[in-house]
Each structure stands twice: as C-alpha cells, then as structure tokens.
Amino acid sequence: MSQTLTVARNDFRDVRRSKLLWGVMGIYVVFTALILYAEGTAAEPDLATAVFNQFFLTTLLLPLIAIAGSYLAIAGERESNTVAFLLSQPTSRAAVVVGKFLSRSLLIVGSLLVAFVVGGVIAVVMYPSLELGVSGAFVVLSVVFVGAYVGPSIAISAATDTRSRAIAGAAGFYVLTDVLIVFGDFSLVGALRFLFAETLGLELGEHFYSFVFNLTPAGSHLNTMYFIFDPSKYPQLPPQDAGQPFYLEPWFSVVILLAWAVVPLAVGYWRFRGAELG
Amino acid sequence: MTAIEIEGLSKHFGDVTALDGLDLTVETGEVYGFLGPNGAGKSTTINLLLGFLKPSSGSATVLGHDVVTESRALRQRIGVLPEAFSPYERLTAREHVRYAADLKDVPVDTVALLDRVGLDEAAWERPAGGFSTGMEQRLALACALVGDPDLLILDEPSSGLDPRGMAELRDLIREEAADGTTVFFSSHILSEVEAVCDRIGILVDGDLVAEGTIDELRDGTETHSPLDIRVDVVPEGFDFGDIESVASVSVEDNTISALVTDAGAKIEVIRRVDRVAEIQDIISEPASLEALFDRYANGESGDGVTDEYGAESPEVRA
C-alpha cells in the first residue's frame, strides 16, 4: 500500500509540473466560467439552468481532459524508459497501475475543483442562490465521472508500450463511449436500433436500447441527471418510464460509472503484469 | 554462496535468438565483467535477471531468489543501473534518490549519495530533464546505491562518462567491492572491465565464448599469437598445412598473416617464407586479450567454450 502511495506521490509531483497539462485543464475552467457568466447575464439568472448546461458540457469535455491527463501515465514511461528506473526498484506493477490512477484522478479532480471554485465565485456574484442541492450533487457526480474515464485511460496506457498506440486507444475509446453516445440521432444506440429493428426485424424493446446507452460512461453520466433535474421542467430531458427496471435507474448508473473506473483498470493491470519491457 | 546463478537461460524474440542456453555463475563478493559487443545479449541477460523479460527456457537465481517467481524480493536486495537510464524530466536529482529509497522502503542520505557519485551540487535541486548523459549516469548510479545493496548490477555504466568520470566509476566499484558488495558489470569496452574485474565473461551472439580471470584469459590467448610477414612478391603455392601449430593463414596485399598456437612455430613459418620470397618485414605480436576480444567483437564468433576458443577457429587476422 505504501508503495502505491509512493508511486502516486512522485507521479503527481512530476505531472503537476507539466505546463502543457495545466493548459489543457484550463480549458474546462474557462468553459465553466463562460457558461455561468452567460446564464448570469439573463434577466433572472437561474443557477440550476446553468448547471444543466454545464452538465452536458462536462459529458463531452471532461473525458477529453481525463484522457489527456492520463493516457501517457504508463505508456509514456515505457516509451521514455523511465520505467526502467521504476521497475529496477522492488516496485510491484499493481502499485504502478493503482498509484498512477490515484495521482491522475487527483490531478483531474483538482482542476475540476479549481473550475468549481471559479464558478462558485461567479455564482455568488451573479446569481440569487448557490443552490447547493443542485451544484453540490453536480460536483459529486462530476468526480465520479472523472474516475470512469481516468480508469480506462490508465488501463489503455498500461496495455500499450508507445505514445502513438496509447493515443490511438484512448481516442478510440472516447469516440466510441462518448461522442457516438451523446448525439442521439447519430449514435451507437441509433446504429443498433437500425440493425436489429429495421434490418433484422427484431423487437427488442426500448429498455434494451436504453440499457446499452446506460452501459457507457457518457450514457450513465447523462442518466444521473435525473438525480438533480425534473424532466417536467427540462424538456431536453426525456421523461422516465414509471415502471422502468432497476438497471435504468440513476443509482444503477452510478454503479456502472464506478465499474468503469475499476474493471478496465484490472484488465490493464493484467496486461501490464505480463508485459515484457526493454 | 553464489550471487548470480544462470542455468541454460535462453530468450527468443520470434525467430531471433537473443540468448542461447547461457550458463553463468557469479560468486558473492566478486566483481564480474560481462563483456561483449553491442547486440551480444548482455542487456537481454540483465533484463531477464530483473524480471523485465521472461525466459524462453532455463532458469536463474539472484542472491538465491528465482528471477521469475521472486522478482520483487530480489530487486529489494540489489541496486541497478539500467540500460539507457532515463530520468523523470521534471523531478530533481534529490527527488529521484528519495523516490528510489521510498520504493525500497529504506532510509537514505541523499546528500552523501549524490556527493559520492560526483554529481555537481548545483544540479541536486534541478529537474533532471536538463541533465547531460554523464550527469544522468551519475544520478542513475546514486539511485543504484540506495539501501547499500548486496549486489550491484550495472548495465553499461560508463556510457556517457568522460575519462575522469570513468576513473571515478572504477574507484567507486572498487570501494563497493572492498565493502563486500558483489558487482556485475556489463560493457563493450575491454579496458573498462579489465581494470576492475576479478573475472570476465565474454558474450557473443547470446553465447558465453570465454570466461575466466584476466590472467587465465591472457594465458589462453598465448596459445594464439599473430605473425605478419611482409614480402616483395607473394609466392604461389606455399603451404604450412603440415605445421600443426599453425591455426590459420591468410594473405592480403604483400603480407602473409599466420596465427600460431605455439609461439615456437613462428620461426619455422618464417623459414618457409624466406625460402620462397624476399622478406621485407616481420611483425610478431604478443598474444593479447585485446586481440582476442577484438576478434569476437568484430563479429567473428568462435564456437568453442571456455578453454577451447581459438583452437579450431577458422578466422584470420587481416
């Protein structure tokens, strides 16, 4: 355990000195500020509406930042050969994978919190209320969402030995699990619907397609919006089926998000454990 | 007690054989020079010992720990200067040493270590990204010395060091050895290992072609000394085939080169040449380890084992 923390501490020390990474993470801070400022200039600014917009932006933008901050964590060490120093010590490869996950998660969550502090200041100045029930829940759900992308990014990094393979894997993961999920008309779920329902004539039911959507980190993140927002007040949010099965409930989406943080990491560790270096 | 015990260790990468049934023993307390040309399989061997690579066949132990099943316990007790050491660009020298100590979970005096390896004090608090190769090697050495290991494995430690750095490295290896530390030291430069090593093994194409103390290797080479005879015109049809001690003969331009396994045979060779041609110069070199190693390093591998090298080797000095 102490070795995991040693790796995490030193990795954090190394990566927080990267100016490039701070630049990438600054983007999220800027977008947060812009959204809050834009809604704040309305006649009757409503923080919940701003958070609603921010939620969508987070679904698209936060994975990119999580990936940018994590994809080189292990593959980069193999490409530059710093891994020779790391594994010449009695370091366990599990400590490397978990330690990197901790430090990169901390890094992304840290920049997220900077964004929220900036957003909080804007909210105090421009909005009638901080609406802590809404904004607090959003912060917690965003942190869970960070894990669901840092985990797979570290896993991809652990399973690849060069920068180019790591970036290809991480970009592919982002497109498949985020871009092709969020935009309803042009999504993986839409493609499945076309394949099963219209081409093969299979009647699988709406719950099946909703479940496929909910299985992806971006889909389950969007599904957790029902914790905060009432569909009757937000027409962009489709109404929920009263008798829907548990696997479409928002709480189950949190379970799925946590699984995305952990399961790929285990697979990545398994690949890294068997990898030959040098 | 043996520090390193390698038995029939092989490593294949696809069709390529990097290491072919290597047997090697390093005794506790000795300084062992692992010599060979680039690409001979030295780093592959070391990477197998460190658990970076998995053996295709064979086995090895380091300080009694199996390299496959007890890799972490093994690495706890050794210090490593890895091949092509690369530091974290944004961590300082002191942070590297501290990192190594924390991973080993041992106390460390970073100042004393960095001072000992001769890293300039001005560099201690600077990020290692701006270090020269020589500074990187010194830092790597400091990291290897963390925790006063029982065995030091140094993979090409002198690469990037200037002559002064190399001399300091030799002193440091001697100090460690005097302290009872076993040192396993790979290099492609003979003079480096010659100066500090108790024993030397020469690895060529994944195979140990010669092994012994410096003196043993020198004795071995005395049965294999070169003789060059320059003549005005190289005659046709001379033959030393009936002289048993002539291992090989070649002709280049106006020079006849023979390799004799008994120095006493040189005079007979000269007499034969003198009968058929006018001798202009004779160069008779003493047998040397350099000559031996040069032959191996130039890629002309002998097939023999420890004491047979050269005896049936077909190659010839140019």
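Convention: sequence-line order gives letters A, B, ...; per-chain numbering from 1.
Taking the six-membered ring for Trp and thresholds of 30 and 60 degrees, A:His221 and A:Phe55 have nearly parallel ring planes, at less than 30 degrees apart. The aromatic rings of B:Phe34 and B:Tyr32 lie tilted to each other, with the angle between the two planes from 30° to 60°.
Contacts of residues 68-85 of chain A with chain B at a heavy-atom distance below 4.5 Å involve A:Glu77, A:Ser80, A:Asn81, A:Thr82, A:Ala84, A:Phe85, listed in sequence order.
Interface remark: A:Ala95 contributes no atoms to any contact with chain B (heavy atom separation under 4.5 Å). With a 4.5 Å cut-off on non-hydrogen atoms, A:Arg9 touches chain B through its side chain but not through its backbone. Proximity to chain A is limited to the backbone of B:Glu83, based on heavy atoms less than 4.5 angstrom apart.
Residue with the most contacts toward chain A among B:Leu103, B:Leu50, B:Asn47, B:Val80: B:Leu103 (heavy-atom pairs, distance under 4.5 Å).
Using a 4.5 Å heavy-atom cutoff, the side chains of B:Leu48 and B:Leu19 are in contact. Residues A:Thr224 and A:Phe145 form no side-chain contact, since every pair of their non-hydrogen atoms from C-beta on lies 4.5 Å or further apart.
Here the side chain of A:Asn10 pairs a donor or acceptor atom with the backbone of A:Thr6 at under 3.5 angstrom.
Using a cutoff of 4.0 Å between basic side-chain nitrogens and carboxylate oxygens, B:Arg170 and B:Glu176 are not scored as salt-bridged. Ion pairing between B:Arg94 and B:Glu125 holds under the 4.0 Å rule for side-chain N and carboxylate O.
Aromatic ring centroids of A:Phe173 and A:Trp260 lie under 6.0 Å apart.
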